[in-house]
Visitor: 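One structure follows; several queries about it will come next.
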Protein chains: 2
Amino acid sequence: MPKDSRPPSPPRPMRADARRNYERILAAAADAVAEYGAEASLEEIARRAGVGSATLHRHFPSRQLLLEAVFRDKVEVLCATAGDLAADPDPAHALTSWLRAVAAHAVSNRGLAASLMRGVRDGDPALGATCHAMIVDAGTGLLVRARRAKAVRPDVSITDLLTLVNAICLAVEREPDGAARADRLLGLALAGVHPAREAAGDTPPSRPEGSGRSSRP
Amino acid sequence: MPKDSRPPSPPRPMRADARRNYERILAAAADAVAEYGAEASLEEIARRAGVGSATLHRHFPSRQLLLEAVFRDKVEVLCATAGDLAADPDPAHALTSWLRAVAAHAVSNRGLAASLMRGVRDGDPALGATCHAMIVDAGTGLLVRARRAKAVRPDVSITDLLTLVNAICLAVEREPDGAARADRLLGLALAGVHPAREAAGDTPPSRPEGSGRSSRP
DNA sequence: TGCAAAAACGGGGTGGCCCTCCATATCGTA
DNA sequence: TACGATATGGAGGGCCACCCCGTTTTTGCA
């Protein structure tokens with residue numbers, strides 16, 4: 001059996017200069033990712049941080065881990081938002097609002113979508129799926145509530161929804177007016193492309209019911 | 001004024017060895033892209049084709065151009081499919097069938113989605129947007145017919161639909177069972193996440209109307 | 001058929017990237 | 001202050017995209 005488990009914090013609290021460099025790298029990475037997206041050059045990040053590339057790789061053994069560290073707090077904001085929306089009296093509205101918030105964050109923080117996308121799949125096990133897991137957890141609460149209220153199809157999973165959101169954000173990333181387009185496409189995907197009755201506003205996601213014609217004989 | 005315009009074919013019909021190498025590169029690229037996706041190494045392609053890397057770059061000055069050449073005939077198949085579906089008595093069904101066909105091609109041909117995505121945006125002007133343009137043209141016919149039949153929202157554009165399709169395909173690419181998942185997500189996006197009445201089958205895209213409750217007071 | 005210009009070729013160079021080794025510098029403490 | 005554990009970063013290897021330019025092949029014409 002293993003000698004000892006120390007889950008949250010290794011006894012070594014990290015040396016002062018190490019922590020300083022860690023922070024520097026994180027800041028430089030945030031800049032670089034904002035500028036170039038998730039594919040930003042790691043050497044460039046190390047250069048901006050004023051450290052050697054080896055130091056960067058020691059602190060963040062994979063690109064995914066670096067991205068996770070960069071976006072951790074933004075993801076926490078989204079999770080908190082989900083918590084707040086749990087009190088919304090309208091479960092459907094809460095869910096769609098949150099998904100839109102996720103999309104808004106993803107398009108305004110280049111690379112976030114790519115970071116959230118990579119879940120468990122892809123090579124190394126348990127090597128940086130934290131953000132993905134956090135978001136899934138946060139969204140699940142909103143989804144089950146909406147499902148209980150019969151406001152979403154019973155077969156829709158949180159993975160479905162998040163994949164759609166991230167796919168859309170990834171697709172419109174680096175487009176002229178990405179935020180608006182992402183919101184528009186998300187509204188479309190949530191409401192469907194078939195015409196709702198009166199609904200004339202901006203791709204309103206609610207009130208899907210109504211009189212209609214059957215389009216398939 | 002310009003001396004002369006010769007739109008379709010430059011008078012030089014390409015030397016025999018040049019055409020031979022062109023074909024070889026194309027074949028090698030098809031293999032490599034099938035194996036590694038749109039990010040396949042160009043040097044590896046040149047190596048497989050038995051030509052120098054300079055030759056590859058001469059024939060295909062950009063990765064995008066090479067991908068377009070690789071996928072040209074598949075895109076033509078999709079365009080032909082769109083033509084066939086124009087005779088479908090049900091415009092809505094024709095449109096969704098075609099979008100599903102696009103998705104099916106995109107997931108089964110690694111890199112196609114990425115190739116179709118890059119439209120006009122991104123650096124050089126008119127440097128490889130042919131596939132994108134062809135697909136847009138083909139889809140527009142189906143969309144306007146569906147729109148006339150009031151089977152789609154009037155504000156939905158073909159760009160919206162194709163972006164959704166490509167985004168989904170890009171997202172599920174290299175997932176275990178990508179094709180099924182892409183089809184499922186596309187069905188979701190086309191029909192919306194809100195519950196349809198009886199509709200119990202596989203994410204049926206039609207008959208979006210139904211009895212419901214107003215979800216926003 | 002023979003030949004010279006044009007066209008195409010590809011080896012090798014440049015510069016970038018990711019990642020690792022190890023001699024050196026720095027920090028925390030006895 | 002002095003020592004050992006810890007952290008550093010320059011150098012180097014492997015891979016890649018892309019380009020320069022001397023060489024080879026093809027072609028059109030005499």
Side-chain angles (χ1 to χ4, degrees), chain A residues 6 9-29 31-33 35-70 111 114-115 118 122-124 127-128, chain B residues 6 9-29 31-33 35-70 111 114-115 118 122-124 127-128:
Chain A
R6 31 196 158 98
S9 62
R12 293 262 162 266
M14 207 181 211
R15 232 168 68 175
D17 53 343
R19 169 144 292 276
R20 197 164 51 82
N21 277 339
Y22 182 96
E23 303 291 358
R24 280 186 175 206
I25 292 170
L26 215 49
D31 287 357
V33 168
E35 191 165 351
Y36 302 109
E39 309 295 294
S41 158
L42 297 182
E43 299 235 332
E44 165 82 2
I45 291 173
R47 223 172 292 131
R48 289 194 193 193
V51 305
S53 60
T55 299
L56 185 148
H57 282 94
R58 192 174 317 109
H59 282 295
F60 304 97
S62 81
R63 167 180 243 103
Q64 179 64 15
L65 253 17
L66 176 56
L67 290 175
E68 299 238 342
V70 166
S115 175
R118 312 270 180 286
D122 235 37
D124 294 59
L127 188 64
Chain B
R6 32 200 156 100
S9 62
R12 294 262 162 265
M14 206 181 212
R15 236 168 66 174
D17 55 343
R19 168 142 293 273
R20 197 164 49 82
N21 279 339
Y22 182 96
E23 303 291 358
R24 281 186 175 204
I25 293 171
L26 216 48
D31 287 357
V33 167
E35 190 165 351
Y36 302 109
E39 309 296 293
S41 156
L42 299 182
E43 299 236 332
E44 165 82 4
I45 291 172
R47 225 173 291 131
R48 290 195 194 194
V51 304
S53 60
T55 300
L56 185 147
H57 282 93
R58 193 176 315 111
H59 282 295
F60 304 97
S62 80
R63 178 182 294 274
Q64 178 64 15
L65 254 15
L66 176 56
L67 289 175
E68 299 237 345
V70 166
S115 174
R118 313 269 180 286
D122 234 39
D124 295 58
L127 189 64

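Just so we're on the same page: letters track the sequence lines, and every chain starts at 1.
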Visitor: Does A:R63 form a side-chain contact (heavy atoms from CB on, under 4.5 Å) with A:L67? I'd like the steps, not just the answer.
Guide: CA-CA 6 Å; A:R63 167 180 243 103; A:L67 290 175; 4.1 Å; yes
Visitor: Please report, rounded to the nearest Å, how far the C1' atom of C:dA7 is from the OH atom of B:Y22.
Guide: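 Taking atom C1' of C:dA7 as the reference, OH of B:Y22 is at 17 Å.
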Visitor: For B:F60, what residues pass the ring pair (Phe, Tyr, Trp, His ring centres under 6.0 Å) criterion, not counting sequence neighbours?
Guide: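 Ring pair (Phe, Tyr, Trp, His ring centres under 6.0 Å) list for B:F60, sorted by chain: B:Y22.
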Visitor: Specify the closest pair of heavy atoms between A:A32 and A:A40, including all atoms of both residues, with the distance to one decimal.
Guide: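 Closest approach of A:A32 to A:A40, heavy atoms only: O-CB, 3.9 Å.
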Visitor: Report the nucleotide, chosen from D:dC18, D:dC20, C:dT20, that has the shortest atom-to-atom distance to any side-chain atom of B:S53.
Guide: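 My answer, after comparing the listed nucleotides, is D:dC18.
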Visitor: Which residues pass the side-chain hydrogen bond (donor to acceptor under 3.5 Å, both in side chains) test with B:E23, sequence neighbours left out?
Guide: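 side-chain hydrogen bond (donor to acceptor under 3.5 Å, both in side chains) list for B:E23, sorted by chain: B:R19.
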Visitor: Rounded to whole Å, how long is the line connecting atom CZ of B:R58 with atom P of D:dC20?
Guide: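 Checked: the CZ to P distance equals 12 Å.
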Visitor: Just N and O in the side chain of B:H59: are any of them under 4.0 Å from OP1 or OP2 of C:dC9?
Guide: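 B:H59 to C:dC9 OP1/OP2: side-chain N or O found under 4.0 Å.
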Visitor: Run the side-chain hydrogen bond (donor to acceptor under 3.5 Å, both in side chains) test against A:R58 and tell me which residues pass, sequence neighbours left out.
Guide: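 Here no residue qualifies.
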Visitor: Tabulate atom names and distances for all N/O pairs under 3.5 angstrom spanning the protein and nucleotides 28-30 of chain C.
Guide:
unit_1: C:dG28; atom_1: OP1; unit_2: A:A16; atom_2: N; d: 3.2

Visitor: Locate the shortest heavy-atom distance separating A:A18 from A:M14; write the atom from each residue and the value.
Guide: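 In this case the closest contact between A:A18 and A:M14 is CB-CG, 3.9 Å.
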Visitor: Show every donor-acceptor pair shorter than 3.5 Å between a side-chain atom in residues 50-57 of chain B and any protein atom, with sequence neighbours excluded, or say none if there are none.
Guide:
unit_1: B:H57; atom_1: ND1; unit_2: B:S53; atom_2: O; d: 3.0

Visitor: Polar pairs (N or O, both sides) under 3.5 Å between protein and nucleotides 15-17 of chain D?
Guide:
unit_1: D:dA17; atom_1: OP1; unit_2: B:L42; atom_2: N; d: 3.0
unit_1: D:dA17; atom_1: OP1; unit_2: B:R63; atom_2: NH2; d: 3.0
unit_1: D:dA17; atom_1: OP2; unit_2: B:S41; atom_2: OG; d: 3.4
unit_1: D:dA17; atom_1: OP2; unit_2: B:L42; atom_2: N; d: 3.2
unit_1: D:dA17; atom_1: OP2; unit_2: B:E43; atom_2: N; d: 3.0
unit_1: D:dA17; atom_1: N7; unit_2: B:E43; atom_2: OE2; d: 3.0

Visitor: Could you state the atom-to-atom distance from CD1 of A:I25 to C1' of D:dG9 in whole Å?
Guide: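 From A:I25 CD1 to D:dG9 C1': 11 Å.
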Visitor: Within a strict 4.5 Å, meaning less than it, do heavy atoms of the B:H59 and B:R24 side chains meet?
Guide: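 Answer no - side chains too far apart.
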Visitor: What is the nucleic acid contact for B:A54, judged by heavy atoms within less than 4.0 Å: base, sugar-phosphate only, or nothing?
Guide: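 Touches a base.
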Visitor: Look at A:N21 and D:dA7 and indicate whether a side-chain polar atom (N or O) is within less than 4.0 Å of OP1 or OP2.
Guide: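 For D:dA7, neither OP1 nor OP2 has a side-chain N or O of A:N21 closer than 4.0 Å.
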Visitor: Whole angstroms only, please: what is the CZ-P distance between A:R20 and C:dC27?
Guide: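 In whole Å, C:dC27 P and A:R20 CZ are 8 Å from each other.
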Visitor: Can you give me the closest heavy-atom contact between A:S115 and A:E68, atom names plus distance?
Guide: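 Minimum heavy-atom contact is OG-N, 4.3 Å.
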Visitor: Whole angstrom is fine here: how far is it from CG in B:L56 over to P in D:dC19?
Guide: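 Result: 12 Å.
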Visitor: Measure the distance from CG on B:L66 to P on D:dC18 and round it to the nearest whole Å.
Guide: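 Atom-to-atom, B:L66 to D:dC18, this comes out as 11 Å.
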Visitor: Can you tell me if the side-chain N/O atoms of A:T55 get under 4.0 Å from OP1 or OP2 in D:dG9?
Guide: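 For D:dG9, OP1/OP2 do have a side-chain N/O of A:T55 under 4.0 Å.
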Visitor: Give the rounded distance in Å between these two atoms: CZ of A:F60 and P of C:dC19.
Guide: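 Rounded to whole Å, this separation is 14 Å.
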